[in-house]
S.K.: 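Pasting a structure here, questions to come.
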Amino acid sequence: MSVLTNYYNVENKIKKITQRNIQIVAVSKYAKDSDVNSLYQSGIRIFGENRVENALNKQGTFPDSHWHMIGSLQTRKVKDIIGKFKLIHSLDRENLAQEIEKRSAQKEVITNCLVQVNISKEESKSGLHKEEVLDFMKYLEDFKWINVKGLMTMAPFTDNPEEVRYVFKDLANLQRELITKGFTNITELSMGMSNDYLVAIEEGATIVRIGSEIFSN
Ligand SMILES: *Cc1c(COP(=O)(O)O)cnc(C)c1O
């Protein structure tokens, strides 16, 4: 099947379960440029990459596309990315926040970020433990150039998405708790990948990050 058909299939599955407007980030990390181009030619503009270099290369190839940085971000790469991403999904530590703040201020650019949370506490995953997020949110309040738009998580890999429903529920509960504590701007929940996005949407995802279901034939 063509990648475009795959993309529309994802859209249709989403429409069947919700009337909310869900943002699909087409994750191109394993995709051929020709496949990204097929989507691009059809007007699809929102893409995600987990590596800075790949994202910057593809940005050059596809003008007016909007890129999301979804992978863990090394502090030394921050200077290369300010102003180039719609949203950074992986803000998870103080020194990274400091560097984003400093470089954003230099360029006078507000950088939109999500705080990444490691709900499942798998050691292989980055992100804060949920108990740490409130303090981190308070810490970020002083940062003028960082706009925290919401939370992001990655569930453990599974063939049965019901097993990871609790991950999405927990993130949504954390969001509600933070909103009641005054962090009313954190409206986005980036959760759900090819294996589990329908369950994530049922639990409140506003952004899903889909790679293999779109790009593997
Ligand atoms: C690769 C990746 C995705 C997409 O994964 P698929 O299972 O291919 O849909 C989503 N989020 C992050 C952070 C990723 O690294």
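Just so it is clear, the values below take in all heavy atoms, side chains as well, and ignore hydrogens, waters and symmetry mates. Read the numbers this way: they start at 1 and go in the same order the structure lists the ligands and their atoms.
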S.K.: Check ligand 1 against the protein and report each N/O to N/O distance under 3.5 Å, formatted as atom name, atom name, distance.
M.R.:
residue, atom, partner, partner atom, Å
ligand 1, 8 (O), Ser212, N, 2.8
ligand 1, 8 (O), Ser212, OG, 3.0
ligand 1, 9 (O), Ser194, N, 3.0
ligand 1, 9 (O), Ser194, OG, 2.5
ligand 1, 9 (O), Gly211, N, 2.7
ligand 1, 11 (N), Arg209, NE, 2.8
ligand 1, 15 (O), Lys29, NZ, 2.7

S.K.: Tell me, please, which residues at least two apart from Thr61 pass side-chain contact (heavy atoms from CB on, under 4.5 Å).
M.R.: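 Scan of Thr61 (side-chain contact (heavy atoms from CB on, under 4.5 Å), adjacent residues dropped) gives Asp33.
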S.K.: Does a donor on one side chain and an acceptor on the other come within less than 3.5 Å for Glu99 and Asn95?
M.R.: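 Glu99 vs Asn95: no donor-acceptor pair found between side chains.
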S.K.: Quick test of your reading: applying ring pair (Phe, Tyr, Trp, His ring centres under 6.0 Å), list the pairs with at least one residue in residues 17-51, sequence neighbours left out, ordered by first then second residue.
M.R.: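 Sorted result for residues 17-51: Tyr40-Phe62, Phe47-Trp67.
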S.K.: Is the closest side-chain heavy-atom distance between Gln23 and His68 below 4.5 Å?
M.R.: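 Result yes, sub-4.5 Å side-chain heavy-atom pair found.
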S.K.: Would you say Glu163 and Thr158 are linked by a side-chain donor-acceptor pair, where the criterion is simply a distance under 3.5 Å?
M.R.: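 Yes - a donor-acceptor pair under 3.5 Å links their side chains.
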S.K.: Ring pair (Phe, Tyr, Trp, His ring centres under 6.0 Å): which pairs involve residues 127-156, sequence neighbours left out?
M.R.: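 Listed once each, the pairs are Tyr139-Phe143.
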